[in-house]
There are 2 protein chains.
Amino acid sequence: MTTDEQIVFIVDDDQRIREALSELLVSHGMRAIAFGSAGEYINADKPDLPACLILDVELPDINGLDLQREIAVGGHPPIVFITGHGDIPSSVRAIKHGAVDFLTKPFSDADLMTAIHAAIAQDREQRSQRAGLSLLRQRYLELTPREREVLPLVVSGLLNKQAAAELGISEVTLEIHRRNVMQKMGAASLADLVRMAERLEIPITHSRRSGGG
Amino acid sequence: MTTDEQIVFIVDDDQRIREALSELLVSHGMRAIAFGSAGEYINADKPDLPACLILDVELPDINGLDLQREIAVGGHPPIVFITGHGDIPSSVRAIKHGAVDFLTKPFSDADLMTAIHAAIAQDREQRSQRAGLSLLRQRYLELTPREREVLPLVVSGLLNKQAAAELGISEVTLEIHRRNVMQKMGAASLADLVRMAERLEIPITHSRRSGGG
DNA sequence: TCGCATCTCATGGAAATCCATGCATGGATT
DNA sequence: AATCCATGCATGGATTTCCATGAGATGCGA
């Protein structure tokens, strides 16, 4: 397939390798951008697309594994490590930290391409997850402080009456907050809101004992 | 700490290693059981405790990595690989498949113990997760076929009226099924039921558009 | 054949939710 | 000062949920 909506970043200090990899990728119909050091990669303006990072372990400025750790937080693309002098502890650390593969030179084009495809597929999935979560967070930010207090009580399964008592306000007022929360979060139903709260990792405060009515 | 409620399994064909590891573990206050082959391990009666499996890659009957794959399904303890002749692809494969660590001989006692502690901690967590999920599944099995049809509709956020229409039955009947579901599942509230359904990976069928009245 | 589980439905009432309209206060912004 | 926003409350009604009681039909296993 090789949709053109994807890109591969290459970080390697050896220019011949950068060129060889770039050519390989282009010949597979993929866009590639190469960097000679971790710093260049970090500072570059990178297109916002499903991507993959081919990362040499041995870099002039910082170690590839350290770069991995630094960019671990935040939406960076999955990494495929390549190295000329790999050792087992490094490979273990790399994979433990989420690298898709750890290839030692010489490796076959096929192995590399397999890893790249896997990495990009993974990134597509991750990006889609992140996009959804980011939308939710955005909506959550639109809630007023009081509404943010109401949300966890509601998704805990408390009755309006109970939640109102919890906050020391009247049931009517709580109902209004509750409706505002539903509306602002774009929840079609309480079930929906509960699932949103789950994804936002909003903790359950109290749980209702079926009191009944 | 080294709670005594835990155990370490050792699978290695070298008796001297089995004895050395056993001694090391006992000296750290942990129970250990050693096996000379994958087959012995598989067929053995193993205590049901938080555990860890120290697995030699090179075994007489089957490869340690293949054993890992075979026991991947089901509640087997996290694996710490040890090997005398490790290579990077093996280590990558092992970690990708969830191994906690991949140590090459000679390794320090400290490194091994660190890995073991991590593995056991991970197993404790996994077991706790599994226990909860297994309880849910057990309850789910107590539902009648009709109740299992009602559950996804309810947690989708449909009104009783809508869910009833979906099944072509009266609203009253659906209410009864719904209540039975709540009771059998031990859900204190709809929010609770939604979360249970999430954990059981029960798919959402329809979603309600806020029509409401 | 009897008993049991399952699925079905009705009536009827108590409680809770959903919603609209209207109003008031206090703080921040314009 | 005027306006907006967040917060708070009330009344009142439509809709929905929750629950109990009662009851009929089907199918399966003892």
Side-chain angles (χ1 to χ4, degrees), chain A residues 138-197 204-213, chain B residues 138-197 204-213:
Chain A
Q138 202 174 312
R139 288 177 180 163
Y140 181 72
L141 289 178
E142 287 171 15
L143 299 185
T144 68
R146 203 49 155 169
E147 284 160 1
R148 274 196 275 269
E149 289 185 278
V150 169
L151 176 52
L153 299 176
V154 169
V155 300
S156 291
L158 293 186
L159 300 180
N160 288 344
K161 181 194 298 188
Q162 297 170 314
E166 201 66 38
L167 294 177
I169 60 179
S170 90
E171 200 178 333
V172 191
T173 304
L174 188 125
E175 280 176 32
I176 294 172
H177 288 318
R178 177 182 177 146
R179 249 178 298 148
N180 288 339
V181 169
M182 295 274 293
Q183 202 144 33
K184 288 184 182 175
M185 294 300 290
S189 61
L190 175 61
D192 237 30
L193 193 66
V194 170
R195 278 184 288 267
M196 290 179 181
I204 305 309
T205 53
H206 304 256
S207 63
R208 169 169 61 147
R209 189 64 252 140
S210 64
Chain B
Q138 202 174 314
R139 289 177 180 164
Y140 181 72
L141 289 178
E142 288 170 15
L143 299 185
T144 69
R146 203 48 155 172
E147 285 161 359
R148 273 195 275 269
E149 289 184 279
V150 168
L151 175 52
L153 298 175
V154 168
V155 299
S156 291
L158 294 185
L159 299 180
N160 288 343
K161 182 195 297 189
Q162 298 169 314
E166 200 67 38
L167 296 178
I169 59 178
S170 90
E171 201 178 333
V172 191
T173 305
L174 188 125
E175 279 175 34
I176 294 171
H177 288 318
R178 178 182 179 146
R179 246 178 299 148
N180 288 339
V181 169
M182 296 273 294
Q183 203 142 36
K184 289 185 181 175
M185 294 300 290
S189 61
L190 176 61
D192 237 31
L193 193 65
V194 170
R195 278 185 288 268
M196 290 178 181
I204 305 309
T205 53
H206 305 257
S207 64
R208 170 169 61 150
R209 188 65 251 140
S210 63

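Throughout, a chain's letter reflects where its sequence line sits, starting with A, and its residues are numbered from 1.
- At least one side-chain nitrogen or oxygen of B/Asn160 sits closer than 4.0 Å to the OP1 or OP2 atom of D/dT17.
- If you take CZ of B/Arg146 and C1' of C/dT8, they are 9 Å apart, rounded to a whole angstrom.
- When the P atom of D/dC5 is taken as reference, atom CD of A/Glu142 falls 13 Å away, rounded to whole Å.
- Between A/Arg146 and A/Thr173 there is no side-chain heavy-atom pair separated by less than 4.5 Å.
- Per the geometry, CD belonging to B/Gln162 stands 14 Å off P belonging to D/dT15, to the nearest Å.
- Straight-line distance from the CG atom of A/Leu158 to the C1' atom of C/dA16: 14 Å, rounded to whole Å.
- Put simply, CG on B/Leu167 is 15 Å from C1' on C/dC9, counting in whole angstrom units.
- Between the axis at the start and the axis at the end of the helix from C/dT1-D/dA30 to C/dT30-D/dA1 there is an angle of 30°, using five pairs per end and rounding to 10 degrees.
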Determine whether B/Arg178 and B/Glu175 satisfy the following criterion, salt bridge (charged side-chain N to carboxylate O under 4.0 Å, His left out), listing intermediate values before the conclusion. CA-CA 5 Å; B/Arg178 178 182 179 146; B/Glu175 279 175 34; over 6 Å; no
Give the C-alpha distance, both sets of side-chain angles, the deciding distance and a yes or no for side-chain contact (heavy atoms from CB on, under 4.5 Å) between A/Val154 and A/Met182. CA-CA 10 Å; A/Val154 169; A/Met182 295 274 293; over 6 Å; no
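- Look at B/Lys161 and you won't find any side-chain N or O under 4.0 angstrom from OP1 or OP2 of D/dT15.
- Here CG of B/Leu167 is found 12.0 Å from CD of B/Gln162. Values are rounded to the nearest 0.5 Å.
- A/Leu190 places its CG atom 13 Å from the P atom of C/dC19, with the value rounded to the nearest Å.
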Begin from the C-alpha positions of A/Arg139 and A/Lys184 and carry the test side-chain contact (heavy atoms from CB on, under 4.5 Å) through to its verdict. CA-CA 6 Å; A/Arg139 288 177 180 163; A/Lys184 288 184 182 175; over 6 Å; no
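- Rounded to whole Å, the distance from CD on B/Glu171 to P on C/dG12 is 16 Å.
- Side-chain contact between B/Leu151 and B/Arg148 is absent, with no heavy-atom pair separated by less than 4.5 Å.
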Output, in order, the C-alpha distance, side-chain angles, deciding distance and verdict of side-chain contact (heavy atoms from CB on, under 4.5 Å) for A/Leu153 and A/Ser156. CA-CA 5 Å; A/Leu153 299 176; A/Ser156 291; 5.6 Å; no
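- Rounded to a whole Å, the CE atom of A/Met182 is 6 Å from the P atom of C/dC18.
- For the pair A/Leu143 and A/Met185, the minimum side-chain heavy-atom distance is below 4.5 Å.
- Of the candidates C/dA16, D/dA10, C/dC9, the closest approach to any side-chain atom of B/Ser170 belongs to C/dC9.
- Between A/Glu166 and A/Thr205, every side-chain heavy-atom pair lies at or beyond the 4.5 Å cut-off.
- Within the 4.0 Å cut-off from OP1 or OP2 of D/dC5, not a single side-chain nitrogen or oxygen of A/Thr144 is found.
- Residues of residues 172-180 of chain B that place a heavy atom closer than 4.0 Å to DNA chain D, in numerical order, are B/Glu175, B/Arg178, B/Arg179.
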